[in-house]
Amino acid sequence: MSGKPAVLVTRKLPQAVEERLTRDYDARLNVSDRIYTSEELIELSEGALAIIPCHTERLTTDVIASLPDSVRAICSFSVGYDHIDLDAARARAITVTNTPDVLSDATAEIAVLCMLGAARRAYESAREIRTDSWADWSATHQLGVQITGKRIGIVGMGRVGQIMARRARGFDMEVHYYNRSRLNEERENGAIYHATIESLLRHSDVLSIHCPATPETTGMINAETIALLPDGAIVVNTARGAVIDDDTLIAALQSGKLFAAGLDVFNNEPDIDPRYKELDNTFLLPHVGSATVETRDAMGFRALDNLDAIVAGETPRDKLA
Ligand code: DGY
């Protein structure tokens with residue numbers, strides 16, 4: 001017994017984060033990085049004061065109800081918290097935190113990559129190089145869509161959405177947005193507010209999704225809403241797969257209603273709908289929005305700052321429940 005509080009860490013975290021964890025806690029690290037089953041997670045939490053999960057662990061009502069009494073905190077290594085049932089945690093007086101702010105820049109960078117990758121047919125072009133199928137330069141070959149000067153529609157003008165808006169302005173794009181509430185003038189910074197998603201869609205040459213997955217946003221991009229996008233629009237998703245109805249998006253990509261999609265997140269990761277992979281007009285990434293050295297360290301330290309506060313009997317900065 002080290003005398004330090006025990007903490008279950010469900011996935012392998014960056015070295016600097018694990019070093020701080022082992023310095024300050026009796027850290028139960030996951031060296032193999034194998035994803036635990038719910039049963040294992042419950043069993044391994046026995047005697048632990050806290051769990052540090054990632055979005056890959058589903059802390060459902062049932063899992064939270066079955067956690068040992070020792071567990072007083074869930075400090076997620078993620079900004080998203082759709083994998084944690086907050087009501088169930090509240091019912092057991094378990095404090096829950098996330099890691100906002102620190103991954104906003106990295107996620108917006110990936111959104112720009114997805115936007116450009118989709119607009120400029122990066123997947124097809126890269127494939128030509130790697131498969132030696134590049135015949136020669138041609139004036140009519142691999143023609144994409146120029147995004148400079150186009151309209152971008154941002155769904156969810158929170159931290160990431162606002163940074164995406166700034167990056168889009170760098171491409172002289174006209175920024176439109178839909179958000180639960182309108183931003184003040186300073187934050188809006190000239191962006192055009194739409195009170196409904198329907199109105200936003202009609203004005204989006206590129207639609208970029210930056211809202212969390214909630215019961216309200218699940219399936220928000222569906223047959224009715226996609227029909228409102230201009231023909232040849234581009235859809236970018238770096239938030240959560242659940243916001244998109246896959247059948248609809250795939251049909252719109254197959255029919256040519258949409259020019260392309262750039263996706264970093266999916267329903268049912270990593271077993272995504274295989275039809276996405278069959279399409280040439282998709283630019284697909286494996287949920288790497290926050291995957292930079294700087295950001296992953298910062299996420300870990302933010303989760304640990306929250307845990308330290310809880311252990312000290314203080315209210316953690318990023319308390320969700
Ligand atoms: C987040 O932090 O929510 C990212 O999607 C990675 O989990």
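Both ligands and their constituent atoms are indexed starting at 1 by order of listing.
When hydrogens are left out, the protein atom nearest atom 7 (O) of ligand 1 is His55 ND1, 2.6 Å; that is the closest non-hydrogen contact.
The contact set between ligand 1 and Met299, taken as ligand atoms under 4.0 Å from a residue heavy atom, comprises 2 (O). Every atom of ligand 1 is numbered from 1 in the order shown, and the set under 4.0 Å from a heavy atom of Leu103 is 2 (O). Residue contact check: Gly80 has heavy atoms under 4.0 Å from atoms 1 (C), 2 (O), 3 (O) of ligand 1.
The shortest N/O to N/O separation between Val79 and ligand 1 falls below 3.5 Å. Residue Ser78 has no nitrogen or oxygen atom sitting less than 3.5 Å from a nitrogen or oxygen atom of ligand 1, judged on distance alone. Between Ala239 and ligand 1, no pair of N/O atoms sits closer than 3.5 Å. Annotation: Ser290 places no N or O atom under 3.5 Å from an N or O atom of ligand 1; distance criterion only.
No donor-acceptor contact under 3.5 angstrom links the side chains of Asn98 and Asp318, judged on distance only.
Between His287 and His55, the ring planes lie parallel to each other; the angle is under 30°, not in the 30° to 60° tilted range.
Residue Ile84 is not grouped with residue Leu13 when hydrophobic side chains (ILVMFWY) are merged at heavy-atom distances under 4.5 angstrom, including chains of intermediate members.
Side-chain contact between Pro5 and Asp26 is absent, with no heavy-atom pair separated by less than 4.5 Å.
Listed by first and then second residue, the salt bridge (charged side-chain N to carboxylate O under 4.0 Å, His left out) pairs that reach into residues 8-20 are Arg11-Asp33, Lys12-Glu18, Arg20-Asp305, Arg20-Asp308, sequence neighbours excluded.
Residues meeting the side-chain hydrogen bond (donor to acceptor under 3.5 Å, both in side chains) test with His203, sequence neighbours left out: none.
Annotation: Tyr81, atom OH; neighbour count of heavy atoms from other residues, nucleotides and ligands within 6.0 Å does not exceed 12.
Proximity of Thr107 to ligand 1, defined as any heavy-atom pair under 4.0 Å, is not found for any part of the residue.
Of the listed residues (Glu269, Arg296, His287), the one carrying the non-hydrogen atom nearest atom 5 (O) of ligand 1 is His287.
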